[in-house]
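For reference, the structure is listed below as C-alpha cells.
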Amino acid sequence: MAMLIQYIYEGRLHASLKGSKEPDALRLGILSSAMIDAAAVVRPAESHPGLKIVAIASRELSKAQDGAKKFGIPKAYGSYEEMLDDPEIDAIYISVPNGLHAEWAIKSMRAGKHVLIEKPLCANVDEAKAIFEVAQQTGRVALEAFHWQFHPAAHVVKSYVDSGKYGKVLKTSAMMVTPKNSMPSWDIRWKYDLAGGATMDETYTISATRYFTNCKRATVVSANARPYKKDPRIDSAMDATLKIENDKGDIITSEIHNDLDQPNLLVVIPRLWELPSIRIELEKATIYYYNFMMPHLYMYVAITDKATGSTTYQKHYNYGPKWKTTGETWWSTYRYMLEAFVDRCKGEEPVHWVPAEDSIAQMQVIDDVYTKSGLGRRTGSVVPA
Ligand SMILES: NC(=O)C1=CN([C@@H]2O[C@H](COP(=O)(O)OP(=O)(O)OC[C@H]3O[C@@H](n4cnc5c(N)ncnc54)[C@H](OP(=O)(O)O)[C@@H]3O)[C@@H](O)[C@H]2O)C=CC1
Ligand SMILES: O=C1OC[C@@H](O)[C@H](O)[C@H]1O
C-alpha cells in the first residue's frame, strides 16, 4: 500500500518536474527491472539536474526494453554484465533481491562504477565487509539506500533526542507491519535463497532504532521468529529485544516488531494499514515518529511531556537542521538520498550519509537477531552457506 501511494505521488503529481540536465550529470544505470526502480530512482531523478538515468539492464532484454520505453531511458541491456561494460555509465543502482546485492555491488565497483545498493545492504555482515573493502580498493562510492534517513524529519527528531532537553533515552519501540496476504507467495521476500524474510525486508526498524539511539553496541537479548508456513527457514514475523549502548555509555532497551504477514484481528477482521513508527521514551518526554519510512507521504511527530501528560504534534516536510533551505516540501526520502549520493560521487561532502561502518553494524545486528531466533544468519551470493 505504501508503495502504491508512492507511485501515485511520484508518478502522477510530479511527472511535470522533468528538468534539463547539467552537462556533467552523473550517469546512472539501473540493474534489474524491479518494482522499486520507479519510486527509488526514476521519478526522483527527474527533478535532479545533476543526475540522469542512461541505462537499464535485465536478465531478459525484453524486460529492459519495456522499462526503457516506459521511463524514457536511452539504453536497454539484456544482461547485467553488458551494462557494467558500458564506459558511459558512472554509477549503478542495485535493485536485485537482497541475496544478490553483494555480488552485483562488488562486480559494479570492480567495473569502475559507484553503487547505490537497495536495503538491506546484503545478506550478512561478512558480505557487508566485503562490499566496503572493494569500495576502498576501487575508490568507488558505496551507499546502502536507507532513504528514510535522508529526510529532514528524521534529522529533526534526532536533534530533539540529542539536544538533551528531554533527558536520556530510556527505551525505544519500533514497528513495521504488512497486513496478512499482502505479499504473494512468489514474492522475493518469501525466498530463503534470495535472503528474504521480515527482518531483512523490514530492516527499517533496526535502522531507525540504531540511528535515534546513537547506537554504539547492540546485544540481542531475545528474538522470536514466527516461521513462514511454506518455508520455516524464513521469518514471516520477528520480535526482538535489544540492549543498546549509546555513544555516552547509557544502556537503552529497544523493542523491534516486524511482521510481513500480520494476522487479522480476532482471526477474521482485516487490519488497517499501519505505517512504520518508532516510539522513543526519554526521561522527560516520549517522542513518537509516525511513518519514519516514507514521511513525505504523511507523517507526524508527537511529543508527550511526561510531567503534564500534554502532547504536541508537528509535521516536517522540508528544512530541518541538516538540509536547511535545500529541498522542497514534495521531495521524497528517495529524492533527498539522491541529492546526497550525487554529491558524494562528485567528490562533494553530502549533507547526510550512511557510513560504511554503520551499514556493517546494521548487518551485524540483523545477523545476531537471526542467530538468537534460532533461524541462523542469512546466506548470500558472495558469502555462501
Ligand atoms: N527502498 C524502498 O523503499 C524499497 C526497497 N526495496 C528493496 O529493493 C530490492 C528489490 O525489491 P522489489 O522491487 O520488491 O523486487 P522485485 O521482485 O520487483 O524485483 C527484483 C528484480 O531483481 C531481478 N532478479 C535478479 N535475480 C533474480 C532472482 N533470482 N529472482 C527474482 N528476481 C531477480 C529481477 O529483474 P530482471 O528480471 O529484470 O533481471 C527482478 O525484477 C530489494 O532488495 C528490496 O528490499 C523494495 C521495495 C521498497
Ligand atoms: O523497503 C520497503 O518499503 C516498503 C515495503 O512495503 C517493502 O516491503 C519494503 O521492501
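All figures in this text were calculated on a predicted structure; none of them were measured in a lab. All residue numbers in this chain count up from 1 along the given sequence. When a ligand or atom number is given, it counts from 1 through the structure's own listing order.
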Report the part of E202 in contact with ligand 2, treating N, CA, C, O as backbone and CB onward as side chain, heavy atoms under 4.0 Å; options are side chain, backbone, both, neither. neither
Can you confirm whether the side chains of E281 and Y288 place a donor and an acceptor under 3.5 Å from each other? no
Cluster partners of Y228, using ILVMFWY side-chain heavy atoms under 4.5 angstrom, listed by chain and number? M183, W190, Y192, I234, L260
Examine I73 and L61 and state if one hydrophobic cluster contains both, with Ile, Leu, Val, Met, Phe, Trp and Tyr joined whenever side-chain heavy atoms are less than 4.5 Å apart. no
Distance-only polar pair, side chains of Q362 and T203, donor-acceptor under 3.5 Å: yes
Ligand 1 versus I188, non-hydrogen atoms closer than 4.0 Å: side chain, backbone, both, neither? side chain
Look at atom 8 (O) of ligand 1 and say which protein heavy atom is nearest, naming residue and atom and giving the distance to 0.1 Å. E118 CG, 3.2 Å
Stepwise side chain to side chain donor-acceptor pair (under 3.5 Å) check, D261 with S236: CA-CA 6 Å; D261 200 25; S236 65; 5.5 Å; no
Less than 3.5 Å apart, any donor N or O on the side chain of N214 or K158 sitting next to an acceptor on the other? yes
Ranking V96, L100, I30 by closest non-hydrogen atom to atom 26 (N) of ligand 1, top hit is L100
Based purely on interatomic distance, does M35 place a nitrogen or oxygen under 3.5 Å from a nitrogen or oxygen of ligand 1? yes
Scan T172, T213, T205 and name whichever one has a side-chain hydrogen bond (donor to acceptor under 3.5 Å, both in side chains) with S254. T172
Ligand 2 atoms nearer than 4.0 angstrom to some heavy atom of M183 are 8 (O)
Contact check, R189 vs ligand 2, heavy-atom distance below 4.0 Å: yes
N or O contact, E60 vs ligand 1, cut-off under 3.5 Å: no
To check your reading of the model: name the closest protein heavy atom to atom 13 (O) of ligand 1, its residue, and the distance in Å. I36 N, 3.0 Å
Taking 4.0 angstrom as the limit and counting only heavy atoms of S33, give me the atoms of ligand 1 inside it, by number and element. 35 (O), 36 (P), 37 (O), 38 (O), 41 (O)
Taking atom types as modelled, is there a side-chain donor on E328 or Y317 under 3.5 Å from an acceptor on the other? no
Could you check whether R43 makes a cation-pi contact with Y334, meaning its NZ or CZ is under 6.0 Å from the centre of the six-membered ring and within 45° of the ring axis? no
4.0 Å heavy-atom contact, W186 with ligand 1: no
Could you tell me whether D37 approaches ligand 1 through its side chain, its backbone, both or neither, with non-hydrogen atoms closer than 4.0 Å? neither
For atom CG of L272, decide whether the heavy atoms of other residues, nucleotides or ligands shown that lie under 6.0 angstrom number more than 12. no
For K171, look at atom NZ and say whether over 12 heavy atoms of other residues, nucleotides or ligands are found less than 6.0 Å away. no
Nearest to atom 42 (C) of ligand 1, what protein heavy atom do you find, and at what distance? N98 OD1, 3.4 Å
Specify the protein heavy atom at minimum distance from atom 28 (C) of ligand 1: its residue, its atom name, and the distance to 0.1 Å. R59 NH1, 3.5 Å
Quick test of your reading of the model: are K107 and E103 salt-bridged, counting only N-O distances below 4.0 Å? yes
Closer than 4.0 angstrom: is that true for some heavy atom of P97 and an atom of ligand 1? yes
With a cut-off of 4.0 Å, which atoms of ligand 1 are near a heavy atom of H147? 1 (N), 2 (C), 3 (O)
Answer yes or no: is there an ion pair linking E283 with K306, defined by an N-O contact shorter than 4.0 Å? no
Closest protein heavy atom to atom 36 (P) of ligand 1, given as residue, atom name and distance to 0.1 Å: S58 OG, 3.3 Å
Could you name the option among Y204, F146, Y93 that has the heavy atom nearest to atom 2 (C) of ligand 1? Y204
How far is atom 45 (O) of ligand 1 from its nearest protein heavy atom, and which residue and atom name does that atom have? K119 O, 2.8 Å
Is K70 atom NZ crowded by more than 12 heavy atoms from other residues, nucleotides or ligands, each under 6.0 Å away? no
Looking at atom 23 (C) of ligand 1, what's its closest protein heavy atom, distance included? Y80 OH, 3.3 Å
Please verify whether a non-hydrogen atom of H101 lies at under 4.0 Å from ligand 1. yes
Looking at ligand 1, does M293 have a heavy atom less than 4.0 Å from it? no
Measuring from non-hydrogen atoms of K119 to any atom of ligand 2, is the shortest distance under 4.0 Å? yes
Protein contact of atom 47 (C) of ligand 1 - nearest heavy atom, named by residue and atom, plus distance: R189 NH2, 3.4 Å
Run the salt-bridge test on K113 and D90 with the 4.0 Å N-O cut-off and return the result as yes or no. no
Part of L194 within contact of ligand 1 (heavy atoms, under 4.0 Å): side chain
